[in-house]
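Here's the structure, in structure tokens; my notes come after.
Count residues from 1 along the sequence. Counting starts at 1 for both ligands and their atoms, in listed order.
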Amino acid sequence: MTTNTKYIFVTGGVTSSLGKGIIAASLAKLLQAQGYTVTIQKLDPYINVDPGTLNPYEHGECYVTEDGAETDLDLGHYERFLNVPTSQANNVTTGRIYQSVIQKEREGKFLGKTVQVVPHITDEIKRRVQILGKSGDYDIVITEIGGTVGDIESLPYIEAVRQLRWDLGEHNGIVIHLTLVPYLSAAGELKTKPTQHSVKTLMESGVQADILVCRTEHNLPKDLRRKLALFCNVTADSVIQSIDASTIYDVPNLMLKEGLDKVVLKKLALESTKPELKTWNKFVHRYKNPKTEINIGLIGKYVELQDSYKSILEAFIHAGAANEVKVNVESVHSEYLNDENAALMLGHLDGVLVAPGFGERGIEGKISAVKYVRENNIPFLGICLGMQMAVIEFARNVLNLSNANSTEMDPDTLHPVIDLMEEQKTIKNKGGTMRLGAWDCALMPDSKVEKIYNTEYISERHRHRYEFNSDYRYQIEKGGMQATGLNPKTDLVEIVEISEHPWFIGVQYHPEYKSTVANPHPLFVGFVKAALKHKNSK
Ligand code: GLN
């Protein structure tokens, strides 16, 4: 139980996409490795109540927490680095802030006062920031403010930080400002001006940065650091360089080398020791020194964008390191895939993962992919929509239930092998109304999944509206596809597998959300192992 929680605010300047989330997660890792309990929170300045209603093209993957919050993908990094679950309290948007303030106003809780951005919205931001701190579970809370300083939308957040720093007092709240020091190749020079301006913009809102973390493509020389310190009112040891890294998993060690943890702890008046990073470093070593490589196909419809399947790609990195294998993930656009070209597009792969997704676009290609890997004994992992496609493919091509489908794609199908869940039928609102968060699942003794997980009961995170239609269970099992994971309360089918196939598993949940550096997910580890075996048998 901690009574004096310290707060670190991370703001961003100059441009977006500098990797505030990775810096926050890396710092948290270093503090955790010195025995502090740490959590990270992300404040997002957009008006959506959560990113659940955002297209992955807009905002990347939607990450789901144990308690069923649909959140920003940065929370995935926090969990993967820290191996500690996050929750709804770890991600707050402007939409959510306004929603609670407006609800209070409707309930008459403001006693006739005019409700304003300051103090009502800023008070709500401050309250949300302190929920985690007041739980007593954390020595340190790192709050990442989304967006870039100077944006209209982030102003109330910066104002809340200004007030909070004042309320918390010296050594209890500090600000790390992440900026860019660009290199002008024509001039052959690194430029500090954008950082100076960005720190100035922050100061116009009354917030002095304590530490600067500067993204750069080249090492920052001493005199440049001194110049930045002088112009930006920070001590010389508070100018930290964050040089481009070949992997995000190098960033904690790069920050350690720069002494970010030390200067942070000094400013918070906390003791610093040598971080214990044995497990972490072992992982990094294995990741960077693979013994062999495999090619996995990722079949989806958002394949142009790295961030759309973030957690899946990271889970492959963890599982690859566990197997000492480099996993090359080859994106295959499901819209361009069909029964005729499947051999050409997928024949060389050692394993195929059919991705989660929503809506009709690209699903016939996913079904063709499943058919090809099922018939050709290529290891297969289907996640959520990917599992549903496996069931549809089996119904159509093995059970000859022609036009079997999910009612999501064809509401009038004769064979709705995937159907809307009973409790979903009356729901009208789209936001936050799916089956979300962690649910228990009982594994069938002697099934593949029971061997892979090496336990009988698991809990995994969900995000879907449709499910395996149990009316077809008998027929499907008789045909050779087994339901090997069931919800112990409702008997909902959560996992299907084909025992005749070397490795064919579909899961209704999202195993990728739970894979971390310290705990690579068993299904991904097993899948990579199976793909390696497939490769070696060729
Ligand atoms: N669209 C499917 C459903 O709602 C699958 C969702 C997913 O893949 N996350 O059930």
Residue-ligand contact Gln388/ligand 1, heavy atom below 4.0 Å: yes

Atom 7 (C) of ligand 1: the protein heavy-atom neighbour that sits closest, reported with distance to 0.1 Å: Cys384 SG, 2.9 Å

Shortest reach to atom 8 (O) of ligand 1 by a heavy atom, considering only Gly386, Gly357, Gly382: Gly357

Polar contact flag, side-chain donor to acceptor under 3.5 angstrom, Gln388-Ser406: no

Shortest protein contact, atom 9 (N) of ligand 1 (heavy atom only): Arg463 O, 2.9 Å

Shortest protein heavy-atom distance from atom 4 (O) of ligand 1, along with the residue and atom involved: Arg465 N, 3.0 Å

Residues Tyr98 and Gln103: side-chain donor-acceptor under 3.5 angstrom: no

Nearest neighbour in protein (non-hydrogen) for atom 10 (O) of ligand 1: Tyr466 N, 2.9 Å

Lys291 with Glu324: basic N within carboxylate O range, under 4.0 Å: yes

Whether His464 and His462 hold their rings parallel, tilted or perpendicular, with breakpoints at 30° and 60°: tilted

Donor-acceptor pair between His348 and Glu330 side chains, under 3.5 angstrom: yes

Protein heavy-atom partner closest to atom 2 (C) of ligand 1 - residue, atom, separation in Å: Glu408 OE1, 3.2 Å

Nitrogen or oxygen of Met434 less than 3.5 angstrom from that of ligand 1: no

Nearest atoms (heavy-atom pairs only) where Phe524 meets Pro511: CE1-CG, 3.8 Å

Residue pair Gln482 / Ser447, side-chain donor-acceptor N/O under 3.5 Å: no

Heavy-atom gap His510 to ligand 1 smaller than 4.0 Å: yes

